[in-house]
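Just below is one structure, and these are the notes that go with it.
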Amino acid sequence: MIAGAWLCLLAPLGGALLITLCGTRLPRRGAAWLSTLSVFVAFAGAVWSFFGLRAHGSEHGSVSTAWTWLQSGSFRPGLSVLVDPLSTMMMLIVAGVGGLIVLYSIGYMDGDDEERRYFVYMSLFVFSMLLLVEGGNLLLLLAGWGLVGLSSYLLIGFWHDRPTAVAAAKKAFVMNAFGDTTMALAFFVLIAHSHSLDYATSFTTAGHLPQTTVDLVALGLLGGAAAKSAQIPLHTWLPDAMEGPTPVSALIHAATMVTAGVYLIARTHPIFEQARTIELIAAGMGALTLLVAGLVALVQTDIKRVIAYSTMSQIGYMFLGAGIGSYANGMFHLMTHAFFKALLFMAAGVAIHAVAGEQDIRKLSGVGTYLPWTRRAFLAGALALVGLPPFAGFFSKDSIIAAALHAHWYGVILWVVALAGTFLTGLYTFRLYFLVFPGEPTAFVREHHHAHGGKEGPWTMLLPVGVLAVLSVIGGWLQFSPLWHPLTNWLEPVARTLGVAEPTSWQEGLSSGLAVALGLAGIAVAYLVYGRGRVAVPRLPGVQRALEHKLYFDEAYDALFYRPAASLAAWTRRDFEEPVILAAGPDLGEAAFDAGRGLRRVQTGLLRTYVLFLGAGMAVVAIVFLVVR
Amino acid sequence: MILASAGGVVVWIVWVLAGFACLASGVAVVSFSNPFYSALALIGNLGALAVLYLLLSAEFVAAAQVLVYAGAVMVMFLFVIAYVGPEQETPWVGGPGWQRVAGVLAAAAIFLEIIVAIGLKAGGRLRHSEHVNAPFGSPGWIGRLFLTDHLLAFEITSIVLLVAAVGGVILGAHTKRRDALGEPG
Amino acid sequence: MLGPGVAWYLGIAAFLFGIGALGVLLRRNPLIVLLSLEIMLNGANLALIAFSRSAGNGAGQIFALSVMAVAASEVCVGLGLVVAINRKRLSMDVDRFSELHG
Amino acid sequence: MTVSSFTSLLVWLPIGAALVIWVLPLSRYATGSLAVLVSLLEVGIWIEQAARFDFGRGGLQFSQRGAWFQDLHVSYHVGEYGFSLWLVGLTVVAMAACVGYGFWVGRQRPRAYFGLMLFLTGATVGVFVAQDLLLFYAFFEAMLIPLYILVGVWGGPGRMAATVKLLLYTMAGSLLMLAALIVYGLKVGTFDLVDAPPSASRWIFLGFMFAFVIKAPLFPFHGWLPETYREAPPEVTAVLSGVIAKAGTYGMLRIAIAKFPEPTSYYRTLILALAAAALVYGSVLAFRSTDLRGVVAYSSLAQSGLIALGLFSGTSLGLDGAVLQMVAHGLISTSLFLLAGMVERRATTDQFALLGGMARGRPAVATLLMTVGIVSLAVPGSAAFAGEFLILAGAFQRAWWWAAIGAGAIVLAAMYMLRAISGVLHEARGSLVRDEALDLRTGELALVVPLVGVLLALSAWPAGISHHSFARDAPTQAVRGQFK
Amino acid sequence: MISTPHVDWFALSTILVLLGSSGLALLGAVLVPRRARRAFAAAVAAAGSVGGIVTSVWLYVDSASGHRVVADGFYRDRWTALAQVILCGTALATALIAFEHVGRRDDEHVAEFFALLLAAAAGMAFFVGAANLMTLFLSLEWFSIALYVMCAIDYEREGSLEAGLKYLVVGSFGSASLLFGSALVYGATRHIGFAEIAQSVGRGGLSDDLLLVLGLAMIVAGLGFKMSAAPFHMWTPDVYEGAPTPVTAFMASATKVAGLLLALRVLQSAFPQEAHLWSWAFAGIAVASLAVGNLAALVQRDVKRLLAYSSISHAGFMLIGLSVGTALGARALMYYLVPYAAMGFGSFAIVAARERELGQAVTLDNLAGFGWERPFLGVAMWFFMFGFAGLPLGGGFVGKFYVFAAAYRHGWTWLVIVGVVATLVSLYYYLGVVRAMYMRPAEELRVAAVAGGAPAREPLLHASVGMALAVSVGSLFAVQPLIDLAKHATSSLPF
């Protein structure tokens with residue numbers, strides 16, 4: 001099973017290196033298939049280690065170390081993989097969904113003149129993500145954490161001659177670097193106290209740290225998680241990240257990377273449980289995000305941005321779940337979300353692909369008539385997202401909401417917010433659906449679609465969509481909290497659900513009922529407003545402007561951080577570096593030169609001056625001698 | 001005793017005269033604007049010095065002073081002065097003002113330092129001086145010294161003179177042949 | 001010894017030395033500069049003779065005699081230079097020789 | 001020839017080769033290939049030496065001692081510790097690449113040029129292996145001579161001012177060091193770095209530190225840096241920032257910290273503050289630089305600050321990380337400046353305003369610049385990350401805020417380095433980037449790829465250095481024992 | 001009846017050899033036909049210098065125990081012998097370059113020039129061994145007069161005459177004050193022999209005697225003039241610039257050697273009781289020389305003047321070694337002089353070569369491109385410049401190290417600091433010369449185009465520059481042997 005884990009980890013890396021080294025000697029198609037193959041091999045490895053773990057019995061996760069990666073004195077983190085229920089689950093999700101998406105990209109990226117680079121980046125990303133989830137200690141986790149940030153930077157900026165893409169990529173990287181930094185600081189605390197970053201050691205250390213210290217550690221980790229998972233206030237990079245190719249958005253910014261925060265909380269929950277306050281802050285952060293994202297999603301006009309905001313809001317749910325302590329449900333929602341969100345993105349991708357890259361929903365409307373299967377797939381995804389039974393979202397989301405209700409007074413607040421979220425979800429999701437798919441195709445759609453050739457898309461694109469559609473229907477049946485919960489059991493040894501997050505059955509029932517009802521309400525409103533156009537959109541210009549400006553987060557950051565930094569730098573160069581530092585030396589030299597010129601004036605060339613100096617010098621020496629003796 | 005004291009008085013008188021002549025001629029040398037007169041004044045100065053040397057019972061030096069210096073050297077001087085021709089148009093003094101002031105100050109300083117040193121010492125060992133016997137300063141005595149204790153000094157002096165002679169020839173006498181060759185000087 | 005003590009002679013010597021120095025410091029005619037140098041040397045000579053008298057040994061007188069020779073040779077070279085300068089029709093003014101400076 | 005004479009060989013082989021090159025009237029091609037050959041030979045010798053090096057054992061190895069002048073107990077004493085071994089390796093590898101670059105671009109007046117480059121190699125190796133104060137000083141100065149001429153003759157239009165600044169600044173430092181080392185050596189009665197006992201004199205310490213702080217450089221003393229890095233020929237700038245600057249930090253470790261424990265702890269806060277200042281200041285200025293070289297120049301100021309932070313944190317983590325970071329950053333900035341030179345050869349400028357869009361159709365330059373740039377901003381998992389992580393972890397043990405400042409600076413690093421990369425590679429094509437501007441040629445790849453390869457290998461196993469720099473991997477004991 | 005003193009001819013052998021060859025050269029001036037004169041005289045001069053080296057080396061080996069000879073008028077010891085070796089070496093090098101570089105218009109007085117050169121060398125060789133004030137003064141005049149003439153020997157150039165006159169007048173003033181000082185010392189102690197002076201000062205408790213102190217002050221001034229230390233340095237730049245360059249080279253190295261070594265001997269053997277006076281005085285003079293020499297050199301354009309000022313500053317450095325008045329200081333001085341003499345001579349020789357190919361005075365501007373046109377001379381020049389600056393390309397590095405060490409041992413750390421700062425300042429103009437030779441852009445190179453044709457082949461000049469280069473670089477590696485020599489030489493001084 002360890003072998004499976006290594007295979008899983010190294011296959012994508014091998015694929016990336018192979019494509020890089022072969023360069024143009026490898027045909028584009030070859031590169032594409034090689035990368036796909038590598039990811040599917042990784043999936044095979046994941047399956048292998050999953051069954052291996054099943055065979056051993058899931059309790060004892062096992063670590064295997066290749067070599068000591070970094071060593072200084074007693075601090076010696078190894079290059080090691082960890083196979084335990086949590087990591088295998090993530091491996092399966094990442095490699096599986098990843099494989100489908102890479103396969104999808106073969107069709108989507110066909111004809112781009114830098115396909116090879118794209119697939120190298122894709123494989124590199126899958127490797128980094130797997131390193132993140134399999135890493136046997138916090139340092140490797142941080143390494144994977146940074147590498148996924150890197151590959152997301154590379155992929156967002158893939159079309160590097162678009163300034164917007166480059167800017168978005170930089171933004172994403174810098175924000176994630178901030179997250180990495182806070183995590184690193186948290187790790188420094190652990191190192192200072194235990195000289196180790198192994199999970200076990202760190203968790204025991206966290207046990208007997210002073211409360212403030214452990215709070216700080218948890219806060220650092222939370223910073224990383226929030227940055228990676230685009231939670232308020234570190235969320236602004238995610239919508240911009242939609243500049244990347246759609247499969248990238250599906251893979252990185254929906255299915256896998258952005259959910260790493262949830263994985264981190266689940267993985268390091270012992271630390272978070274020592275710092276309950278911080279954990280609840282995480283939950284609150286999730287709640288806030290799901291609400292705000294849902295609101296903003298209402299007014300977006302870019303199909304991918306809408307989905308991106310819904311992603312934020314769904315991750316909000318996961319944070320909420322993990323924050324209050326029902327890690328299993330968080331992870332469960334992570335999985336289902338991976339299915340249906342990837343599905344939504346890829347279906348949207350098919351649409352976009354069909355109309356030559358147009359993403360504005362107002363121009364896209366009616367595209368569904370030409371793309372019946374895509375339309376159905378999208379619908380499935382949408383329903384799963386809203387969380388109607390029997391679609392996947394229903395099972396995972398409602399259990400989170402229910403768990404919230406159970407958790408003390410603050411849980412109730414979170415519960416209310418979560419329910420409000422479901423209404424918004426229904427609203428913005430079906431706003432999108434009604435605007436894009438049904439109805440008369442616009443002229444724009446018509447011409448581009450005919451230009452496109454009338455097909456729905458190559459099978460490489462349709463197959464993954466189909467698979468995911470199926471998964472987002474049945475994927476949720478894996479666990480139905482009141483009745484059967486294999487996933488929770490599976491994760492038990494690694495991430496035991498806290499008592500406060502174990503809802504009673506009536507709570508389950510109440511939450512589910514309300515959630516479904518509110519979801520339906522949202523859909524209904526959307527239908528009335530956008531589907532039939534019976535009801536006009538309420539006129540709230542102030543609110544709308546605020547929402548269209550995404551609540552002015554970007555503007556605020558620009559004013560708070562970027563501009564001050566830039567002007568500080570400019571000031572330093574203009575008013576300190578150049579006049580002081582660079583000029584200091586020359587000024588001193590000039591002084592010496594003046595002295596030299598003075599001496600030069602004394603050197604008159606007159607014989608008598610010279611004699612005078614000789615005589616005067618003698619006289620002075622004589623006087624001194626006579627006086628001193 | 002009387003003779004001694006009388007001798008003392010005579011010596012004093014001679015000393016005063018010679019010393020005055022010496023100082024006066026010295027000042028004259030420096031202050032004449034015509035080098036010819038200065039040279040003449042220097043001859044006087046040398047003569048006066050010779051007298052002082054006699055008073056200090058250095059007969060041979062005095063003689064040498066008169067013969068070598070006042071004789072040979074000054075003749076050379078006068079010859080050159082005549083050859084060059086008196087240069088009245090040369091300003092007596094000039095150059096920057098601070099130069100002049102500082103010059104006077106420096107010279108005065110040197111002079112005063114020596115005077116002070118001597119004056120403060122005059123009470124001490126300078127007052128009494130060794131008693132010397134007859135041959136002191138006599139040519140034979142000098143010659144003996146030159147051949148014994150100060151042999152090297154004697155030899156070196158001759159070398160110095162030789163070198164100077166060569167130098168004088170190179171610098172002073174080169175032009176004749178060039179003129180003979182009719183080249184511009 | 002009869003008459004004034006050595007100190008008095010030294011006074012004269014000092015005066016000669018000083019006045020010679022003054023000449024070198026002030027005068028611009030090379031010939032007179034040379035003459036002033038001679039006076040300085042003679043001042044030194046007088047001091048030597050005087051000391052030799054008071055010390056009662058002959059070193060001073062020998063010294064003085066060789067100084068005369070040295071003075072003569074300096075004069076010889078100096079005059080040679082003067083002649084050479086005059087040959088080049090340059091003016092007899094040391095201040096004119098100031099193209100080397102700075 | 002015994003094993004221990006390898007060290008001397010590393011020092012004198014290139015210098016001898018330089019003399020040969022100056023004396024023999026060889027053709028341009030022969031001269032260049034001879035120089036490249038010699039520098040590769042250096043690498044070979046070093047590898048042999050590293051293979052024979054006994055990392056388990058502490059203390060000096062490959063040491064050799066001969067009389068220079070006994071009168072004041074000055075001797076010719078060379079040898080290597082673990083960390084000096086790595087720095088020597090950095091030197092020979094980087095110099096080989098730079099000599100190769102000079103050969104590739106066909107510098108004018110090849111005999112003078114290659115002779116000086118080899119001389120520089122020898123002198124720099126000498127600095128890292130000298131175990132006698134005066135010998136150390138001699139090599140420390142000798143490095144400047146070829147640098148002065150290399151920058152002054154083959155440099156850019158502003159080279160005159162640049163060279164004068166470089167020389168006067170660095171000499172100002174090293175002359176004070178001369179005074180300090182005279183006082184120290186005479187006080188303790190020997191100039192031998194191994195025998196000399198530690199001293200508590202703060203003045204002497206400051207004298208030494210002044211030289212190192214200028215060489216490294218740290219914050220207020222970097223006046224020579226921007227101009228020199230901009231005017232020097234790219235490969236010389238590469239050597240300067242990649243290798244020569246490390247001589248300063250090496251001196252801090254080998255002399256200032258090891259021989260002056262009391263003053264070190266007395267001035268620790270001050271120096272840490274300077275280091276942090278260099279780190280932040282350099283990052284901030286790099287963030288606003290308008291040209292590639294400017295960015296890299298100021299970033300290496302920041303890196304020196306970081307290394308000093310690790311050294312003076314006085315913790316094992318910090319020291320290990322500092323050594324690792326010295327090597328990593330040496331490789332990084334060498335390859336970055338070489339790449340900058342290659343970009344300049346194609347676009348005749350390194351101004352971002354005139355560059356851009358180079359990635360389109362030039363995969364090699366894009367890949368290499370991207371890789372090195374990414375490593376240099378310490379993306380987790382890279383060698384630079386390992387070094388910085390250790391350094392900051394060490395600094396954190398000294399006081400949390402040093403680590404906080406450093407971490408903030410690393411975010412800045414991400415900002416300026418991405419800006420630089422995009423400025424060259426991405427967005428619309430720059431006005432001076434013509435279609436004729438080709439991708440990297442094989443020769444150029446042969447120069448940079450090995451460096452990058454070493455860098456990636458180091459990223460796969462940073463422990464290789466961090467674990468093998470000090471005796472028994474106990475840096476603080478080694479320092480306390482003054483590397484006896 | 002007259003018991004003439006025993007004359008130790010071997011002690012004087014070096015001087016006699018030099019004098020003899022000088023006389024031979026002088027004969028050549030009249031007997032040898034004009035076209036062969038230059039070759040003949042130069043050959044004689046070279047042979048004489050080599051002979052001088054041989055004899056003085058022999059003398060060094062053979063006078064382990066120093067003592068005075070010829071009626072206590074001259075020291076036969078290793079200090080003298082070593083100094084004589086250096087002096088003869090300089091004389092040899094000068095003879096070599098003078099063959100190609102003196103009086104090129106016609107061979108007038110060329111033989112006399114070599115004769116004077118040898119005479120001057122002989123004078124210095126005697127000067128360094130002088131054992132009493134009288135021989136000191138006389139030998140001083142001996143080589144000074146020879147030098148006056150040599151400065152002015154290019155009498156067709158007004159500059160040469162001016163240099164000669166200035167040197168003559170200032171020099172005579174200096175020696176006059178030296179003389180008066182000697183007189184005062186003689187008056188105070190009734191002796192002229194160094195050892196006797198020290199004895200009688202010791203016996204009579206004269207250490208604070210007014211006349212003695214005043215005389216010492218005047219002697220200090222006179223010697224300071226010879227070693228061209230500030231404030232007695234004013235003549236140096238003018239004379240160095242005006243004199244024919246080979247003469248300048250000779251003066252720059254030989255005069256300093258003689259002046260400094262003799263000064264150390266006089267002060268140590270005659271005025272040990274006054275050390276508290278003269279060591280401070282020379283420390284002050286050293287500081288003044290360092291300041292003046294370096295600062296003034298910063299603004300020079302004419303290379304000969306620049307080097308003149310640099311020689312003033314080096315006098316300052318060496319005076320540090322002298323002023324501390326310890327055996328270590330003496331060693332430092334003796335060691336420092338070796339590379340300094342070589343570098344000083346070599347740099348002026350190179351200037352001479354450039355002067356010849358330009359036919360005009362060498363300035364920093366028309367030095368441009370020289371390094372590339374004449375590779376060997378260029379490289380030699382930058383070795384000399386960096387060596388002067390104290391970078392480890394030559395013995396200058398160790399020399400500075402030594403004098404600073406001596407200063408510190410004496411407890412004068414402040415003097416070390418001064419020296420360090422001075423070195424820093426000096427760096428600027430030394431680098432300036434290298435910059436001028438190598439780094440000027442092409443248009444300036446055209447400005448400084450050579451007068452015409454390929455540069456003259458100057459084997460002898462190259463040989464002498466090579467010699468200087470070998471000495472200055474070799475002295476960096478062969479420190480120990482040189483120090484041993486210096487040690488033995490110092491042992492013959494009373495420390």
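Per chain, numbering begins at 1; letters A, B, ... match sequence-line order.
Top candidate by heavy-atom pairs under 4.5 Å with chain E, chosen from A:V628, A:L614, A:V621, is A:L614. The candidate with the highest count of non-hydrogen atom pairs below 4.5 Å against chain A, out of E:L277, E:V170, E:N294, is E:L277. Taking chain E as the reference chain and counting heavy-atom pairs below 4.5 Å, the highest number among A:G617, A:A616, A:G596, A:G589 is found for A:G596.
Side-chain atoms of E:K304 do not come within 3.5 Å of backbone N or O of E:T363 as any donor-acceptor pair.
Interface remark: A:R600 contributes side-chain atoms only to the contact with chain E (heavy atom separation under 4.5 Å). Looking at E:E274, there are no atoms closer than 4.5 Å to chain A (heavy atoms on both sides), in backbone or side chain. Within the 4.5 angstrom heavy-atom criterion, atoms from both the backbone and the side chain of A:V602 approach chain E.
A side-chain donor-acceptor contact under 3.5 Å links A:T604 and A:T609.
With a 6.0 Å radius and a threshold of 12 heavy atoms from other residues, nucleotides or ligands, A:F75 has its CZ atom above the threshold. Residue-environment remark: CH2 (A:W67) stays at or below the threshold of 12 foreign heavy atoms within 6.0 Å.
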**Prompt:** Between E:F232 and E:F225, is a ring-ring contact (aromatic ring centres under 6.0 Å, His included) present by the stated rule, with each step listed?
**Reply:** CA-CA 5 Å; E:F232 318 114; E:F225 163 83; 8.5 Å; no

